[in-house]
2 protein chains.
Amino acid sequence: MFPSAASPAACPTLGTPRGARARAAGAAAPARPALAERIGRSLELLQRQVPMTRRLLRAGDLVYRAGDALDCLHVIHFGCVKTVNMAPDGREQVVGLHFKGDWLGFDGIAAGQQGCDAVALDLSEVWAISYATLLKACAGDPPLLALVHAAMSREISRDRESMLSLCTLPADARVADFLRGWADALAERGLRTDQITIPMTRAEIGNYLGMKLETVSRALSRLAREKLIAFSDTGRRDLHIPDVGALVGFVQRSLGGEGATLVH
Amino acid sequence: MFPSAASPAACPTLGTPRGARARAAGAAAPARPALAERIGRSLELLQRQVPMTRRLLRAGDLVYRAGDALDCLHVIHFGCVKTVNMAPDGREQVVGLHFKGDWLGFDGIAAGQQGCDAVALDLSEVWAISYATLLKACAGDPPLLALVHAAMSREISRDRESMLSLCTLPADARVADFLRGWADALAERGLRTDQITIPMTRAEIGNYLGMKLETVSRALSRLAREKLIAFSDTGRRDLHIPDVGALVGFVQRSLGGEGATLVH
DNA sequence: CGATGTGTTGACCGGGTTCAAACAATGTGG
DNA sequence: CCACATTGTTTGAACCCGGTCAACACATCG
């Protein structure tokens, strides 16, 4: 159950690398070699330019905890990590899902301490990078700095996509959009999107999407009934997505023709 | 109606600088001179180190449009700007509110083009800063780089606070939390928080908070009925907030004692 | 085996949306 | 100046989506 010999950047359980099989799977989303290469090259550049320590984590392990001093940023080499924000009164909110090539800890830079818990959802490897060292390395290395800024920028963009989905989509469509987003994340990384595993409970998904676990369950059942997804016989967390594009169509349809425009 | 002679960093209509009057206003939130100074000093540093062009905007003016090439980042010198995200299908979502000292455009760095529309909500001045020039300036100036990173980091933190509020609070509490957030933003900038003006329609507020304009209106009416806010006689957008802390209490109370914890 | 954690489904209820009406604020042109 | 249109706000009444509560199925694990 270790990454060991196989293709070092492929997550063992989240997905398998695209290959002949993926191409045979009919309507699977097209591969995005450009993006996948970007992530791979970024990781290589990073590995060459800045010292780091690798950490292997199993599902449930903490990468860091909110309040920890921000000595290090982390980059995911493979696997899947959630970030959980907490209010002083105890409310918890899954605010982000992060995959290979994503950075963790940007939100803590300003305060000098981590703003969220980061928890591995699956067997994952992260690279811990001293922030101070990273800054020094960036000073004399514009491409490296650009890489870091691009990662922060994407983080902001993704958060805003989440807000858009949270505020404008009804529950079923939100779940469909969540699956589409997950599949897109895998596609960007060169993994197959027709057969995916969501290593989260219904409660976690619901928390992330702003709904209750029963609603998530019902939404998934409905999507399955409409043949947009199918449950694998191996477990309720393994999904078959025959056509990612159809999920987008479902979202559109559930908006009833009109995306509410703010300005006339 | 120009900023002209008066205290150059005070927004003419959003709020008035704290002074003897603010202190006399009973339970108004305590001033935060440290934070206010940080923002002021950041703007000074920026002004010294990098060239910029000033732009004065009136309510409704566009700072930039989604899709514009990302030549410049913008920093708000005074005023108030909203950022609006749009889905391909036409859904629009107000994803951020920005005040003096905040940056605009971070979300566009990765793609090389703006990801949102940015629209002034009130008379505002922004400084346009060439991103390429900024990067060069940062290379030899660690404090400047730290300043930029801190701004990006706070942006991410704020987005996550929004998600927390969107996902965990009922409508009334969300409106209360919105007002608290607005008052906090003013307090951080050394402005009075007992008398505030929200230069947005109910529809805009509702869009930002993920609810309908009628719900916003009802929530405000209820908050007024409970004496947590009072409408000024000058208009429905001018609010008197006798005690910002009471808004926090209202949020807590509306959670019914328990902030739903995800882990046992 | 029972115990525990997870997922599904049904019945009911309530908060928020929808639809509608009325009012307020502002501006426009005669 | 007033009649009128336009935009924004408030409030009511009915409806419905999603939450709540509950029962049950199905794993895994001691």
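Every chain is numbered from 1, with letters handed out A, B, ... down the list of sequences.
For the residue pair A:Asp107 and B:Ser157, no side-chain donor N or O sits within less than 3.5 Å of a side-chain acceptor on the partner.
Taking atom CG of A:Leu166 as the reference point, atom P of D:dG18 lies 13 Å away to the nearest angstrom. Straight-line distance from the CD1 atom of B:Ile229 to the C1' atom of D:dT9: 13 Å, rounded to whole Å. Straight-line distance from the CE atom of B:Met211 to the C1' atom of C:dT18: 16 Å, rounded to whole Å. Taking atom CZ of B:Arg222 as the reference point, atom P of D:dT11 lies 10 Å away to the nearest angstrom. Rounded to whole Å, atom P of D:dG19 lies 11 Å from atom CG of A:Leu209. Atoms CG (A:Leu169) and P (D:dC17) sit 15 Å apart, rounded to a whole Å. B:Lys212 has its NZ atom 17 Å from the C1' atom of D:dT9, to the nearest Å.
A:Phe231 and A:Ala224 get closest at one heavy-atom pair: CE1-CB, 3.8 Å. In terms of heavy atoms, A:Asp117 sits closest to A:Ala66 at OD1-N, 2.7 Å. When all heavy atoms of A:Arg202 and A:Arg237 are compared, the closest pair comes out as NH1-CG, 4.5 Å.
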Between protein and nucleic acid, restricted to nucleotides 7-13 of chain C and to nitrogen or oxygen atoms under 3.5 Å apart, what atom pairs and distances do you find?
{"unit_1": "C:dG7", "atom_1": "OP1", "unit_2": "A:Arg237", "atom_2": "NE", "d": "3.0"}
{"unit_1": "C:dG7", "atom_1": "OP1", "unit_2": "A:Arg237", "atom_2": "NH2", "d": "3.4"}
{"unit_1": "C:dG7", "atom_1": "OP2", "unit_2": "A:Arg202", "atom_2": "N", "d": "2.9"}
{"unit_1": "C:dT8", "atom_1": "OP1", "unit_2": "A:Arg202", "atom_2": "NH2", "d": "3.2"}
{"unit_1": "C:dT8", "atom_1": "OP2", "unit_2": "A:Arg202", "atom_2": "NE", "d": "2.7"}
{"unit_1": "C:dT8", "atom_1": "OP2", "unit_2": "A:Arg202", "atom_2": "NH2", "d": "3.2"}
{"unit_1": "C:dT8", "atom_1": "OP2", "unit_2": "A:Ser217", "atom_2": "OG", "d": "3.0"}
{"unit_1": "C:dT8", "atom_1": "O5'", "unit_2": "A:Ser217", "atom_2": "OG", "d": "3.3"}
{"unit_1": "C:dT9", "atom_1": "OP2", "unit_2": "A:Ser221", "atom_2": "OG", "d": "2.5"}
{"unit_1": "C:dG10", "atom_1": "N7", "unit_2": "A:Arg218", "atom_2": "NH1", "d": "2.9"}
{"unit_1": "C:dG10", "atom_1": "O6", "unit_2": "A:Arg218", "atom_2": "NH2", "d": "3.1"}
{"unit_1": "C:dA11", "atom_1": "N6", "unit_2": "A:Arg218", "atom_2": "NH2", "d": "3.4"}

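Exactly one of B:Asp68, B:Val119, B:Leu57 qualifies for a side-chain contact (heavy atoms from CB on, under 4.5 Å) with B:Leu62. That residue is B:Val119.
Using a distance-only test at 3.5 Å, with no hydrogens or angles considered, a donor-acceptor pair links the side chain of B:Arg174 to the main chain of B:Leu169.
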